[in-house]
Number of protein chains: 2
Amino acid sequence: MDEQGPEGRGQKPRARGLHDRLLESLGPAITAGDYPPGTVLRTDELERHYDVSRTVVREAVRVLESMHLVESRRRVGVTVRPTEEWDVFDPQVIRWRLAGPDRPRQLRSLTALRSAIEPAAAALAAEHATPEQCAELTEHALNMVATSRGQQLPAYLIHDVAFHRVILRASGNEMFARLGDVVAEVLTGRTQHRVMFSDPDPEAVTLHVRVAEAVRAGDAEAAERYTKEITVGALRELDILAP
Amino acid sequence: MDEQGPEGRGQKPRARGLHDRLLESLGPAITAGDYPPGTVLRTDELERHYDVSRTVVREAVRVLESMHLVESRRRVGVTVRPTEEWDVFDPQVIRWRLAGPDRPRQLRSLTALRSAIEPAAAALAAEHATPEQCAELTEHALNMVATSRGQQLPAYLIHDVAFHRVILRASGNEMFARLGDVVAEVLTGRTQHRVMFSDPDPEAVTLHVRVAEAVRAGDAEAAERYTKEITVGALRELDILAP
DNA sequence: CGTGACTTAAAAGTCATACTTATTTGATGG
DNA sequence: CCATCAAATAAGTATGACTTTTAAGTCACG
C-alpha cells in the first residue's frame, strides 16, 4: 500500500529517488496524524523500517524540518511538531493534507483563502491585465459556457481552472499568482465530491463571463464584486455539503 | 555584512548546524539573484567553496529543492529555477527576500496579500472570537492608543503586531493564523523605512479600536470594513513612499 | 532533603570513501 | 541523416568512523 494512487495532474514529478520516496511516505503519515505531534522518531529506526541508508533518512528529515513538520534535536530524536506550527502554505503539505483524513477541513480553509484572495486579484487584474490575458479570459469564459451543459464536467473544469489561473496571474502580484496551483487543487477537488452528473450552476457560469467583461473593461470594482460572488457561492456549496 | 542584524523576535533559531549555515548562505544568495536562474551549481564545487562535506551540501540542496529554488538532476548539477517557480509563501524564502535587494517588491506583494486577507479574517473573527480573544484585542487596541504619541513607536509596534496576530488567530482559519508571522514582518519592516520620529497615523489607531469593538459586538460587516480601511491605509502608505 | 556541579551515555551531526545509477554527449555504423 | 550504442560525468546511495550536543542520572555538599 505504499504505491500511492495516480492523483497527479502532471505537475507533480513523482518520486525520483529514495529520499523522495521516503518523504512521500513520511509526509502523508505525519500530516494524516499517524505520527501525532510529540511522537519521536529515531533515525536508525527509520533506516531499518524503510530499509534505506542514513543519508536518505537525513535528507528526508531535513526537508520535513524545513516544513516545520518535525524538529530534530540531538540526544532526543526527530519530534513531530504541533499542528499549529506546520507550514500550512507549503504546496506539498497542502497536497498531503488534501489526500489525508482532514481533507474536508483543509478544503474549507483553502476555500476561505480563495474567497479572500480572488476578488482582490480580480480587482488588480482589471488594472493590470494585458490584452492577451483579457483574450484568454474571455475565451475560457466562453468555453465554460459552451461546456456547462450535458455531462461535460471534465472539459468545463479545465477551463474553470484556467480562468482562475489567468486572473491570479494577471493580478501582477507574484504571491497571488502562486496560488494558482492551490486553486486548481480546490476546484478539481470539488468535483470529486460533487456528483459527476450534475451540471455546474448556470449562475456561476454567467458570473465568470461578467468577470471577464469587467476585467477587459478595466472595471476593478465590478471584477471584484462578481468574483466575490463566485467565491461566496463556493463557500455556500461547502456549507451545503458538510454543514 | 553576512551577519544579518538582530531582527529576530526570538522565533528564528539561527543556524544550529553546518547544513543550516550553508542554507543561510545559499538561500539568500539565490533569492538575491547572486546565482541567477539557470545557473548550475555542482555539489563538489559547493563542498570546496564552503569547506563542508558532501552530506552537508546534499542536505542543504535538498531543502532548497523543496522550496523550488533549485532543481537537482543527475549528470547536470543543481540548477537555479526561474523566479516564478519559487515557493513564494515559504516563510524562509520570504525572510530571505525581505533581507535582499527586492525587499520593496516583496513588501508590496505582502501588503497586497494582507489587504486581501485581513478584512476577511476580521469578519470571521467577529463570528468566532472567544471572549478571551476579544479582551486581548481591546487591550492591545487601548495600548496602541496609549503609546501612539510621543516617540513610543517600539512599544506601539508591539501592540500593533499583537493585535493583528489575534485577529488572524481568532478567525479560526489555520491558514490565516499562519500569516501572523508574515504580517509581523511587514509591520516591523515598515518602521525601518518610516522615520522613527513620526507618530503613527491617529486615524489608523482609531480604526483599530473600532475593529476591536466590532469583533466584540459580533459585527462581521463592520469588522471587515474597518480592517479594510486599515490595510488600504497601509497600501497608500507604500505608494507614497515609493510611487 | 534539596540543590548544584559533575559524569555518562544516547542520539544526531559530520566527514571521507567507495560504489551505483541515470543521463548527456558523441562516436560509430547502417 | 538517423538510429544505436558506448563512455564519461555528476548526482544518488551506502557505510563506517568519529564528533558534538545535551538529557538524565549521580554524587557531594549545604
Side-chain angles (χ1 to χ4, degrees), chain A residues 2-3 8 10 12-27 29-30 35-82 85 92, chain B residues 10 12-27 29-30 35 37-82 85 92:
Chain A
D2 262 25
E3 345 287 338
K12 172 192 329 162
R14 70 261 113 239
R16 299 171 336 273
L18 287 190
H19 52 84
D20 269 299
R21 200 140 47 226
L22 179 56
L23 199 63
E24 289 299 323
S25 288
L26 282 178
I30 292 173
Y35 300 108
T39 307
V40 178
L41 310 164
R42 261 171 270 93
T43 44
D44 55 308
E45 235 174 51
L46 293 172
E47 273 177 63
R48 277 192 306 266
H49 189 334
Y50 292 94
D51 192 40
V52 288
S53 72
R54 271 213 303 304
T55 321
V56 170
V57 172
R58 302 198 88 254
E59 287 171 23
V61 166
R62 202 91 293 144
V63 172
L64 292 173
E65 200 175 23
S66 90
M67 297 167 173
H68 293 87
L69 292 184
V70 303
E71 186 183 3
S72 176
R73 295 182 57 195
R74 279 178 155 145
R75 173 62 209 250
V76 174
V78 177
T79 316
V80 178
R81 301 180 86 174
E85 296 176 9
Q92 203 151 33
Chain B
K12 173 192 330 161
R14 71 255 110 247
R16 297 167 342 272
L18 287 188
H19 52 84
D20 268 301
R21 200 140 46 225
L22 179 55
L23 199 63
E24 288 300 323
S25 287
L26 282 178
I30 292 173
Y35 300 108
T39 306
V40 177
L41 310 165
R42 262 172 265 90
T43 43
D44 55 309
E45 235 174 53
L46 294 172
E47 272 178 66
R48 276 193 306 266
H49 189 335
Y50 291 94
D51 192 40
V52 289
S53 72
R54 194 86 165 282
T55 322
V56 170
V57 172
R58 302 200 87 255
E59 287 172 24
V61 167
R62 203 90 297 142
V63 171
L64 292 173
E65 199 175 24
S66 90
M67 296 168 175
H68 293 86
L69 292 184
V70 303
E71 186 183 6
S72 176
R73 294 182 56 196
R74 276 179 154 143
R75 173 61 211 248
V76 173
V78 177
T79 316
V80 178
R81 302 180 83 172
E85 297 177 8
Q92 204 150 33

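Quick note on labels: first sequence line is chain A, next is B, and so on, each numbered from 1. When reading the values below, keep in mind they use all heavy atoms of this one structure, side chains included, and skip hydrogens, waters and symmetry mates.
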Query raised in the report: Checking all strands, does B/T43 fall into the base, sugar-phosphate, or nothing category for heavy-atom contacts under 4.0 angstrom?
Result: sugar-phosphate

Requested in this report: Classify the side chain of B/R75 versus the base of D/dA10 as yes if they form a donor-acceptor pair under 3.5 Å and no if they do not.
Outcome: no

Query raised in the report: How far does CD1 of B/I30 sit from CG of B/L64, to the nearest 0.5 angstrom?
Result: 5.0 Å

Query raised in the report: Think B/R74 has a side-chain N or O under 4.0 angstrom from the OP1 or OP2 of C/dT24?
Result: no

Requested in this report: Could you tell me whether A/L41 contacts a base, only the sugar-phosphate backbone, or nothing, with contacts defined as non-hydrogen atoms closer than 4.0 Å?
Outcome: sugar-phosphate

Query raised in the report: Is there a donor-acceptor pair under 3.5 Å between the side chain of A/Q92 and the backbone N or O of B/S66?
Result: no

Query raised in the report: Hey, does B/S72 reach any base, or is it just sugar-phosphate, or nothing, if we go heavy atoms under 4.0 Å?
Result: sugar-phosphate

Query raised in the report: Does A/S53 make a side-chain N or O approach to OP1 or OP2 of D/dT13 shorter than 4.0 Å?
Result: no

Query raised in the report: What is the distance from CZ of B/R21 to C1' of D/dT20, rounded to the nearest Å?
Result: 13 Å

Query raised in the report: Please walk me through it: do A/E71 and B/R16 pass salt bridge (Lys or Arg N to Asp or Glu O under 4.0 Å)?
Result: CA-CA 12 Å; A/E71 186 183 3; B/R16 297 167 342 272; 5.9 Å; no

Report task. State whether the side chain of B/E59 and the backbone N or O of A/R62 hold a donor-acceptor pair below 3.5 Å, judged by distance alone. Result -> no

**Report entry** B/R42 side, atom CZ; B/R48 side, atom CZ - distance, nearest 0.5 Å
**Finding:** 9.0 Å

Requested in this report: May I have the distance from B/R73 (atom CZ) to D/dA10 (atom P), rounded to whole angstrom?
Outcome: 14 Å

Query raised in the report: What integer distance in Å separates B/D44:CG from C/dT17:P?
Result: 14 Å

Query raised in the report: Which whole-number value in Å describes the distance from B/E47 CD to D/dA10 P?
Result: 13 Å

**Report entry** Residue-phosphate contact under 4.0 Å: A/R62 side-chain N/O, C/dG13 OP1/OP2
**Finding:** yes

Query - Nearest-nucleotide comparison on DNA chain D, the residue closer to the 5′ end among A/T55 and A/V76 - result: A/T55

Query raised in the report: Side-chain donor or acceptor of B/R54 under 3.5 Å from a matching atom on the base of D/dG12?
Result: yes

Requested in this report: Starting from P on D/dG12, measure out to CD on B/E59 and report it in whole angstrom.
Outcome: 13 Å

Query - Whole angstrom value for the distance that separates P of D/dT19 from CG of B/L18 - result: 15 Å

Query raised in the report: Out of D/dA10, C/dT24, C/dT14, which has the shortest distance to the side chain of B/H19?
Result: C/dT14

Query raised in the report: Rounded to whole angstrom units, what separation is found between the CZ atom of B/R16 and the P atom of D/dT21?
Result: 13 Å

Requested in this report: Specify the separation, in whole Å, of atom CG of B/D20 and atom P of D/dT21.
Outcome: 14 Å

